[in-house]
Amino acid sequence: MRNPTYEFTRAITRRPASTIAAGLRAEDIGNPSLDSMLAAHTAYVAALRSTGAEVIELDPLEAFPDAQFVEDTALCLPQGAILMRPGAPSRLGEVAEMAPTLRACYDEVREITGPGHVEGGDILVTEKEILVGRSDRTDAAGVAELAEIAAEWGHSLREVFTPAGVLHFKTDCSLMDGETILSTKRLDASGCFQGYRVLHVPEGEEAAANAIRFNNLVLMAAGFPRTAEVLDKAGYDVVQIDNTDCAKLDGGMSCLSLRF
Ligand code: CIR
């Protein structure tokens with residue numbers, strides 16, 4: 001049987017827009033290059049497709065410079081999709097742009113109506129529960145509204161906390177399989193992964209924690225050889241994707257797709 005937390009038949013991505021230099025970032029380490037970001041995007045989509053999945057590639061949205069980070073706009077579960085309500089005001093309008101595609105893919109589409117906020121990057125779905133990290137983008141009211149929908153669909157949801165100064169919960173962790181999480185030590189130290197098998201990202205390679213398990217592959221950012229070795233030794237088939245330009249906008253592997 002398919003494990004819906006990491007075995008997927010479809011993904012949605014969106015090509016980066018020419019306006020990416022206006023994208024949000026915590027710290028300015030220079031503007032991303034559109035050409036390099038497009039090349040990395042093409043490699044990312046090719047890796048997803050190489051597993052046999054269908055990838056729906058959406059057109060760039062010039063009015064939304066962060067719109068290629070589609071993960072933040074929705075949560076995809078086997079029972080249906082839930083449209084998020086981003087905590088970043090400049091990103092709120094991305095949800096309406098994503099909605100028609102999800103309505104075409106799912107019979108059931110619900111939405112976070114507010115006043116709270118939740119971004120998909122703060123949500124980690126495991127086999128036994130949905131972990132939602134409160135962060136600067138995801139607040140208690142948003143988590144509570146999401147918990148009601150999740151409960152209706154038979155999921156238990158646990159509120160956890162994204163470390164201060166970290167954009168999203170999944171900036172610091174990823175699901176590797178039914179029982180295994182890749183995490184930074186700083187996030188694991190909060191105790192949120194008790195009962196899971198945890199693989200630690202080596203010190204100094206924290207930016208490699210945002211990876212995705214997608215069917216037989218693990219996609220991770222290139223340039224973190226010790227993390228790649230940890231995953232390789234644990235038996236995962238790792239594909240490294242250049243994340244240099246997305247990283248300038250605090251983005252990583254999970255942000256770039258919705259997977260279902
Ligand atoms: C933002 O700050 O919203 C974007 N520049 C990056 C979003 C990354 N998304 C994610 O981790 N799920």
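Quick caveat: nothing in here was measured; it's all calculated off a predicted structure. Because only heavy atoms are used, hydrogens play no part in the values below, and waters and symmetry mates are left out as well, while side chains stay in.
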| field | Min side-chain heavy-atom separation F224-V201 under 4.5 Å | value | no
| task | Check whether the side chains of H41 and E57 place a donor and an acceptor atom closer than 3.5 Å, and report yes or no. | result | yes
| task | Could you point out which residue of D72, L61, I12 forms a side-chain contact (heavy atoms from CB on, under 4.5 Å) with M98? | result | I12
| query | Should side-chain heavy atoms under 4.5 Å link Ile, Leu, Val, Met, Phe, Trp and Tyr, which residues sit in the same cluster as V143? | reply | L75, L77, I82, M84, I112, V118, I123, V125, I130, V132, L146, I149, W153, L157
| Which residue pairs pass the ring pair (Phe, Tyr, Trp, His ring centres under 6.0 Å) test when at least one of the two sits in residues 228-260, sequence neighbours left out? | Y106-F260
| query | With distance as the sole test, does E94 use its side chain to make a donor-acceptor pair with the main-chain N or O of F64 at under 3.5 Å? | reply | no
| field | Considering all heavy atoms, the nearest L34-A17 contact | value | CD1-O, 3.5 Å
| Backbone N or O of F169 within a donor-acceptor pair of the T162 side chain at under 3.5 Å? | yes
| said: Could you check whether any side-chain N or O of S257 sits under 3.5 Å from a backbone N or O of T13, counting only pairs where one atom can act as donor and the other as acceptor? | reply: no
| query | Taking side chain as C-beta onward, heavy atoms only, is R137 less than 4.5 Å from P86? | reply | no
| task | Could you check E119 against T138 for side-chain hydrogen bond (donor to acceptor under 3.5 Å, both in side chains), going step by step and ending with a plain yes or no? | result | CA-CA 6 Å; E119 293 192 0; T138 294; over 6 Å; no
| task | Show the numbers, then the answer: is there a side-chain contact (heavy atoms from CB on, under 4.5 Å) between K248 and N31? | result | CA-CA 7 Å; K248 291 177 180 165; N31 280 334; over 6 Å; no
| note | Separation between CG (L102) and SG (C76), nearest 0.5 Å, reads 5.0 Å
| message | Starting from L24 and following side-chain heavy-atom contacts under 4.5 Å between hydrophobic residues (I, L, V, M, F, W, Y), which residues can be reached? | response | none
| query | Under the salt bridge (Lys or Arg N to Asp or Glu O under 4.0 Å) rule, what pairs show up with a residue in residues 97-107, not counting sequence neighbours? | reply | none
| message | Could you measure the distance from the NE2 atom of H200 to the CD atom of E206? Nearest 0.5 Å is fine. | response | 11.0 Å
| task | Check each of I181, V198, I212, L231 against M176 using the side-chain contact (heavy atoms from CB on, under 4.5 Å) test, and report the only one that passes. | result | L231
| task | Under the side chain to side chain donor-acceptor pair (under 3.5 Å) rule, collect the residues that match up with E54, sequence neighbours excluded. | result | R10
| request: Taking D245 for its side chain and S36 for its backbone only, find out whether a donor-acceptor pair lies under 3.5 Å. | output: no
| request: Measure the shortest side-chain to side-chain distance between V239 and M220 over non-hydrogen atoms and say whether it is less than 4.5 angstrom. | output: no
| task | Locate the shortest heavy-atom distance separating A11 from L48; write the atom from each residue and the value. | result | CB-CD1, 3.9 Å
| query | Taking the six-membered ring for Trp, are Y6 and F214 ring centroids under 6.0 Å apart? | reply | no
| request: Side-chain contact test, heavy atoms from C-beta onward, threshold under 4.5 Å: evaluate it for S50 versus L217 and give yes or no. | output: yes
| request: Locate the shortest heavy-atom distance separating L258 from A74; write the atom from each residue and the value. | output: CD2-O, 3.4 Å
| field | Non-hydrogen side-chain atoms of C192 and L131 separated by less than 4.5 Å | value | no
| field | Side chain R15, main chain P60, donor-acceptor under 3.5 Å | value | no
| So, does R14 use its side chain to make a donor-acceptor pair with the main chain of F69 at under 3.5 Å? | no
| request: Check the pair L256, Q68 against side-chain contact (heavy atoms from CB on, under 4.5 Å), reporting the backbone distance first and the verdict last. | output: CA-CA 6 Å; L256 295 170; Q68 78 264 29; 3.9 Å; yes
| Do V70 and L83 belong together in a cluster built from hydrophobic side chains that touch within less than 4.5 Å? | yes
| request: Just do the side-chain contact (heavy atoms from CB on, under 4.5 Å) check on R85 and L92 with the steps written out, would you? | output: CA-CA 6 Å; R85 191 161 183 270; L92 265 174; 3.8 Å; yes
| If only atom types and distance count, is the side chain of D139 paired as donor or acceptor with the main-chain N or O of G142 below 3.5 Å? | yes
| Residues forming a salt bridge (Lys or Arg N to Asp or Glu O under 4.0 Å) with R134, sequence neighbours excluded | E159
| field | D66 side chain near C255 side chain, heavy-atom distance below 4.5 Å | value | no
| query | Given side chains that start at C-beta, do those of S135 and F161 come closer than 4.5 Å, heavy atoms only? | reply | no
| task | Dump the intermediate steps for side-chain contact (heavy atoms from CB on, under 4.5 Å) on D122 and K170, then the final yes or no. | result | CA-CA 6 Å; D122 279 313; K170 272 189 305 196; over 6 Å; no
| task | Identify, with sequence neighbours excluded, every residue that meets salt bridge (Lys or Arg N to Asp or Glu O under 4.0 Å) alongside K185. | result | E203
| message | Which heavy atom of A40 sits nearest to which heavy atom of I241, and what is that distance? | response | O-CG2, 3.8 Å
| task | Return the set of residues passing side chain to side chain donor-acceptor pair (under 3.5 Å) with T126 (not counting sequence neighbours), or none when no residue passes. | result | Y196
| message | Any non-hydrogen side-chain atom of C173 less than 4.5 Å from a side-chain atom of L182? | response | no
| request: Examine M37 and L58 and state if one hydrophobic cluster contains both, with Ile, Leu, Val, Met, Phe, Trp and Tyr joined whenever side-chain heavy atoms are less than 4.5 Å apart. | output: no
| remark: So salt bridge (Lys or Arg N to Asp or Glu O under 4.0 Å) across residues 27-49, not counting sequence neighbours, yields R25-D28
| message | Tell me every residue that passes side chain to side chain donor-acceptor pair (under 3.5 Å) with T42, counting only those two or more places apart in sequence or in another chain. | response | none
| Are any side-chain N or O atoms of N215 and backbone N or O atoms of F8, one a donor and one an acceptor, separated by less than 3.5 Å? | yes
| R158: partners by salt bridge (Lys or Arg N to Asp or Glu O under 4.0 Å), with sequence neighbours left out | E129
| Nearest heavy atoms of G116 and A141, plus distance in Å | CA-CB, 3.7 Å
| note | For G251 and N243, the nearest pair of non-hydrogen atoms, with its separation, is O-ND2, 3.0 Å
| task | Would you check, one step at a time, whether the test salt bridge (charged side-chain N to carboxylate O under 4.0 Å, His left out) holds for E71 with R259? | result | CA-CA 9 Å; E71 170 176 73; R259 305 162 288 279; 3.0 Å; yes
| Strictly by modelled atom types, are E127 and T5 linked by a side-chain donor-acceptor pair under 3.5 Å? | no
| query | Would you say N210's side chain and M253's backbone share a donor-acceptor pair under 3.5 angstrom? | reply | yes
| message | Quiz question: by atom type and distance under 3.5 Å, do the side chains of T51 and N216 form a donor-acceptor pair? | response | no
| request: Could you list the residues that satisfy salt bridge (Lys or Arg N to Asp or Glu O under 4.0 Å) with D136, not counting sequence neighbours? | output: none
| said: With a 3.5 Å distance limit and no angle check, can you tell me whether S174 reaches the backbone of A209 through a side-chain donor-acceptor pair? | reply: yes
| request: State whether R186 and D172 are salt-bridged, where the test is any N-O pair (Lys NZ or Arg NE/NH1/NH2 against Asp/Glu carboxylate O) under 4.0 Å. | output: yes
| said: Using 0.5 Å steps for rounding, measure from the CD atom of E145 to the CD atom of E111. | reply: 8.5 Å
